[in-house]
Amino acid sequence: MGEKKRIELDYSKIESDRMRLNVGPQHPSTHGVLRLEVELDGEIVTEVVPHIGYLHRCFEKHAEKMTYPQVIPYIDRMDYVTSMNNELPYVMAIEKMLGIEVPEKVQYIRVIMCELNRIASHQIAVATFGLDAGAFTPFLYFFRDREYILAIFEKASGARLLFNYFWIGGLAADVHPTFKEDVLAIVKQVRKTNKEIEDLLIYNKIFIERTANVGILPPDVAINYACSGPVLRGSGVKFDLRKNEPYSIYDRFDFDIPVGMGEVGTVGDCWDRNIVRMREMEQSCRIIEQAIEQMPNEGDVQEKLPKKIKPPKGDIYMRAENPKGDLGFYIVSNGTDKPERVKARGTSFVNLSVLPEISKGYMFADLILILGSIDIVLGEVDR
Amino acid sequence: METTNFVYNLIPNETIAIIVISVIPLIFLIVYALLAILGELKISAWIQERLGPMRTGPWGILQPIAEVVKLIQKEDLTPDSANKPLFNLAPYIIFMGAYASFAVIPFSRYFVPSGINIGLFYIFAVGSIAVIGIVMGGWASNNKYSLLGAMRSVAQIISYEIPGAMAILSVAVLASSLDLEKINIAQEGGIWNWFIFGGQGSWSKIWVFPFTLVLSLIYLVASLAETNRTPFDIPEGESELVAGYHTEYSGMKFAMFFFAEYANMFVVAAVLTITFFGGWNSPFGNFMQGPGWDVFWFISKAFFFVILQIWLRWTLPRLRVDQLMYVGWKVLLPFSFICFLFISLFKMIN
Amino acid sequence: MLEYIKNVWLGFWTVIVGMKITFTHLFEKKVTVQYPDDRYPIPPNARNKLHLEPTLCNGCTSCARICPVNCIKVETLRVVPDDPEQPMIADGTKRKLWVPVYDIDFAKCCFCGLCTTVCPTFAIKHTVEFEYSTYSRDDLYVRFSDMSPEKVAEKKKMLEEFQAKEKAAKAEAARKAAEEKSKAEAQAKAESSPVTESKESN
Amino acid sequence: MTINEIYEQLKEEYGDSIIELIENPPCDSSIIVKAESIFDICHTLRDKPGFEFDYLMCLSGLDLGENLSAVYHLYSMKHSHKVVLKTIVPKDNPKIPSVEKIWRTADWHEREAYDLIGIIFEGHHNLIRILCPYDWEGYPLRKDYKEPEYYHEMKVPY
């Protein structure tokens with residue numbers, strides 16, 4: 001229907017009063033407690049200033065006083081919709097420092113859990129993105145499926161959201177006997193729902209009009225802002241840590257990296273970022289199927305560890321591909337059982353910093369969609 | 001005063017008769033609004049594979065009553081910095097606009113509250129009152145979100161009245177009248193005589209069908225915009241404007257907005273029924289035709305369109321404000337002009 | 001122009017497609033349940049409210065030490081060797097510590113499950129119970145110890161007596177040892193240097 | 001390119017500004033550089049062919065006791081190699097040139113390091129607190145940080 005939407009105003013010719021509007025910290029579409037100070041000219045956004053820190057829980061300060069295993073429950077709470085993925089880089093970093101090889105079975109379970117959690121996270125991202133655009137029904141279809149995934153997590157780890165499942169040197173517990181069948185059933189269900197959502201939401205003309213050509217993030221800007229995950233790939237940059245720097249056992253699987261191609265608009269718009277998430281769900285399904293096939297049935301899930309985990313003196317930076325982008329942990333060890341410093345490079349924190357850059361000149365309703373397409377979780381922004 | 005209104009003829013005292021006649025639509029409106037709220041809750045729930053309200057009464061059918069009771073009990077807040085007279089007046093003005101439309105809606109050939117001969121014109125006139133209430137409420141709230149919502153609403157309703165009016169005008173052309181009763185009578189004799197198929201006349205009227213179909217769709221879309229329903233609910237725009245023009249309202253005043261929205265939904269559904277879908281007429285010719293059946297057919301047809309509106313709401317995302325203008329001015333308006341032109345030509349040739 | 005017609009048609013058609021999908025869902029089986037009446041099953045290993053089996057706890061306090069939020073408070077008393085009650089842990093080993101205080105503050109608990117994995121006797125474990133909201137935050141502070149205050153006082157007294165006795169015995173022993181030592185030293189001195197009388201001997 | 005080659009090349013170009021290369025397997029190796037020249041070094045690392053570190057993965061502040069330190073984790077999308085730079089500044093004058101103009105992602109990272117550790121990044125366009133409230137006093141991640149007893153005349157319960 002409409003053409004290109006970015007409206008450039010020449011303020012030397014137009015005299016207009018601007019309005020400063022506080023979006024948040026309590027607003028239905030800020031996905032948490034984010035405050036955006038928006039300057040509006042009519043409905044057109046001229047400036048966005050994000051104010052964060054409303055959910056600051058001093059993770060890094062806490063981590064200094066915890067022993068290494070005690071930090072893991074805190075890591076769960078950073079990006080609370082992708083707890084499994086959050087734990088992975090941390091435990092990998094400690095394992096690398098200690099020089100532990102985890103058992104084969106553990107690796108496979110970790111990958112399956114991470115990919116399931118990736119699906120769950122992307123489901124929330126697409127669902128809330130639809131909700132921002134005003135479509136309520138797809139939101140609940142996704143949440144229905146997400147419940148099935150969480151049920152698997154609950155059966156394996158005991159918790160539905162904050163798992164504390166990946167431990168240094170292994171897992172907290174072995175998976176239940178029907179794990180493989182459950183996971184395959186979910187993969188089937190996820191594919192079915194995705195097909196339906198594509199018709200209902202993604203290729204809906206109204207949705208395309210709302211999201212295409214909106215919030216365009218060029219690839220060079222995306223890299224300069226160190227964006228990662230679907231935000232980076234939506235801009236057409238084929239970069240995925242699972243492929244480019246395979247960690248864990250991701251080099252054993254055959255999967256593609258979906259990138260934004262500007263099918264309905266320009267490369268790097270909101271629709272591209274969204275479709276990358278939809279397609280990544282399919283790739284995750286493929287990884288899960290391969291992993292289920294290769295996974296050994298027998299085996300221990302916990303490596304023998306000393307009672308007190310004392311990594312050698314030094315520092316390490318480990319990152320892994322989270323659903324939202326690469327999450328990095330910079331861990332400085334001083335040789336005792338407590339870390340000197342654990343710095344988390346929050347994916348959402350970095351991705352959110354690009355918002356003021358890409359939302360200028362669009363309408364206020366677009367700002368909400370751009371924010372939704374970045375897919376932030378305030379727990380990770382503020383930590 | 002000559003009238004076909006049976007209540008008027010039943011009661012000898014004129015004043016009492018008028019009061020009774022005006023109260024009947026109000027009672028109907030309240031009952032309908034409760035049903036529509038229940039319908040909205042249940043249909044949205046079933047579409048989303050939920051059960052919906054289940055606790056109040058069997059299958060939760062008393063839920064709307066519980067909600068009304070809750071809203072009455074709630075504290076009626078008025079913001080400190082609001083313009084109080086306007087703030088308090090706005091919801092009632094909106095409701096009045098919706099309620100006034102019921103004056104001319106012919107429920108049956110024997111019950112038209114007030115049969116005036118420019119009924120269509122009247123409905124369009126009082127239907128626009130709602131926008132005044134919305135602007136009043138939005139501006140008086142002294143809230144930036146409300147103001148944005150109110151301003152959007154003005155632009156939206158004014159833009160969409162034109163294609164809507166064009167669609168209705170073509171029916172006026174076909175019926176040669178603005179009187180809703182006459183329009184109804186012109187569609188008597190089964191589904192083939194409805195204006196969506198060109199009204200009464202020879203089979204050559206089938207040439208009109210594509211145009212009346214498009215016009216009825218245009219009116220449906222325009223009416224969605226006028227009642228602020230999804231996909232045109234941008235004045236409320238829950239995800240961006242919190243609740244738009246009624247962000248600051250609570251309690252009974254909020255309930256008034258709510259009622260007015262549902263009342264407006266019925267009005268536009270009724271107008272669509274009357275103009276294109278035969279009004280009180282049975283679709284089977286003389287079968288199931290009569291004063292009692294009139295009410296049944298009219299209300300069930302109108303309810304179908306109300307349900308259609310609800311169904312659309314839980315399917316579609318929301319448009320953006322400039323796209324809304326685009327759809328109104330660049331899609332609906334040209335199409336309605338073209339269709340209107342062809343229908344006028346057809347009428348002239350016949 | 002063609003683009004325009006195509007867009008209008010697409011707008012119309014995708015709405016129809018969407019309505020078709022929502023219509024089919026209208027009659028599908030509902031996934032929500034009437035919660036307190038029907039509920040989805042909770043797996044037995046679910047990590048919900050903590051429960052301590054006091055007869056199993058041996059008072060090692062490793063749970064309190066591993067807890068990341070410090071919601072477990074454990075105090076222990078040593079068992080006196082000649083205690084007439086002869087306390088045993090349910091698994092048959094002899095108890096070395098009484099546990100007069102074992103409190104969990106569920107308002108703080110983060111359900112990470114670390115305490116259950118370090119417990120050597122499997123005394124503390126998560127249950128499937130998750131509905132325990134209360135009107136007061138104080139009600140979430142749960143005391144698990146099975147010892148009555150009188151018993152605690154008694155044991156405390158017993159321990160104090162025992163400790164006093166032990167102290168006395170120790171002092172006695174120390175005194176004896178010192179005496180012996182001094183005696184031996186004096187003897188040694190006397191033997192090694194009989195000429196000079198040393199001051200250190202006293 | 002391995003970190004040793006990068007170190008050699010940087011050493012050639014900058015001489016004294018590059019202090020040393022710390023190798024400590026299995027932990028990360030890092031290059032310690034002088035704080036004053038971090039901007040120039042980063043600029044070279046981003047733009048010189050062969051380096052092309054276009055991606056600043058992480059910028060962390062660190063409290064080493066007497067000194068503060070900023071750690072830069074760089075990555076090159078093109079060559080898939082990484083390097084870790086470290087600068088050490090005294091606690092009483094913690095000034096490091098800002099690299100915000102080189103990688104704009106450093107904007108928020110530097111604000112965070114300023115907020116929590118108290119490193120002052122010279123040349124940053126908007127160096128204000130980001131996670132803590134704007135009127136917060138002290139730098140919470142310093143080892144000698146004392147939790148305030150009162151905040152806005154409210155007693156903080158600990």
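Only heavy atoms go into these numbers, but all of them, side chains included; no hydrogens, no water, no symmetry mates. Chain naming here is simple, since letters A, B, ... match the order of the sequence lines and numbering starts at 1 in each.
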Engineer: Can you find a heavy atom in the side chain of A/Lys205 that is under 4.5 Å from one in the side chain of C/Trp13?
Structural biologist: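 No; the side chains remain at least 4.5 Å from each other.
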Engineer: Find the one option among C/Gly18, C/Cys112, C/Pro68 whose heavy-atom pairs under 4.5 Å with chain A are most numerous.
Structural biologist: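 Among the listed options, the one with the most contacts to chain A is C/Pro68.
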Engineer: Using a heavy-atom cutoff of under 4.5 Å, enumerate the residues of residues 70-83 of chain A that contact chain C, numbered in order, or state 'none'.
Structural biologist: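 When heavy atoms of chain C are the reference, residues 70-83 of chain A contributes A/Gln70, A/Pro73, A/Tyr74, A/Arg77 within the under-4.5 Å range.
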Engineer: Chain A contacts: which residues in residues 39-46 of chain C have a non-hydrogen atom closer than 4.5 Å to it?
Structural biologist: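 The stretch touches chain A at C/Ile42, C/Pro43, C/Asn45, C/Ala46.
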Engineer: Donor-acceptor pair, distance only, cut-off 3.5 Å: does the side chain of C/Arg47 make one with the backbone of A/Phe163?
Structural biologist: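 Such a contact is found between C/Arg47 side chain and A/Phe163 backbone.
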Engineer: To the nearest 0.5 Å, tell me how far C/Thr117 OG1 sits from A/Trp167 CH2.
Structural biologist: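 With rounding to 0.5 Å, OG1 (C/Thr117) is 3.5 Å from CH2 (A/Trp167).
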Engineer: Of the backbone (N, CA, C, O) and the side chain (C-beta and beyond), which part of A/Thr137 lies under 4.5 Å from a heavy atom of chain C, both, or neither?
Structural biologist: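 For A/Thr137, the contact with chain C is made by the side chain alone.
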Engineer: As an exercise, state the distance from CD1 of A/Ile206 to CG of C/Leu10, rounded to the nearest 0.5 Å.
Structural biologist: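 Taking CD1 in A/Ile206 and CG in C/Leu10, the distance rounds to 12.0 Å.
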Engineer: Who in residues 146-156 of chain A is close to chain C, using a strict under-4.5 Å heavy-atom cut-off?
Structural biologist: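 So far as heavy atoms go, A/Tyr148, A/Glu154, A/Lys155, A/Ala156 are the residues that approach chain C to under 4.5 Å.
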Engineer: Please indicate whether C/Lys30 has more than 12 foreign heavy atoms, meaning atoms of other residues, nucleotides or ligands, lying under 6.0 Å from its NZ.
Structural biologist: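 More than 12 heavy atoms, drawn from other residues, nucleotides or ligands, come within 6.0 Å of this atom.
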Engineer: Please classify the contact of A/Tyr141 with chain C as side chain, backbone, both or neither, using a heavy-atom distance under 4.5 Å.
Structural biologist: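 For A/Tyr141, the side chain is the part near chain C, not the backbone.
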Engineer: C/Val17, C/Val128, C/Leu114, C/Thr32: which one forms the most heavy-atom pairs within less than 4.5 Å of chain A?
Structural biologist: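 Looking at each option in turn, the highest pair count goes to C/Leu114.
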Engineer: May I ask you to check whether over 12 heavy atoms, not counting those of C/Phe122, lie within 6.0 Å of atom CZ?
Structural biologist: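 For C/Phe122, atom CZ is not crowded (no more than 12 foreign heavy atoms under 6.0 Å).
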Engineer: Would you please go through residues 181-200 of chain A and name the residues with a non-hydrogen atom below 4.5 Å from one of chain C, in numerical order?
Structural biologist: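 Interface residues of residues 181-200 of chain A: A/Glu196, A/Asp199, A/Leu200.
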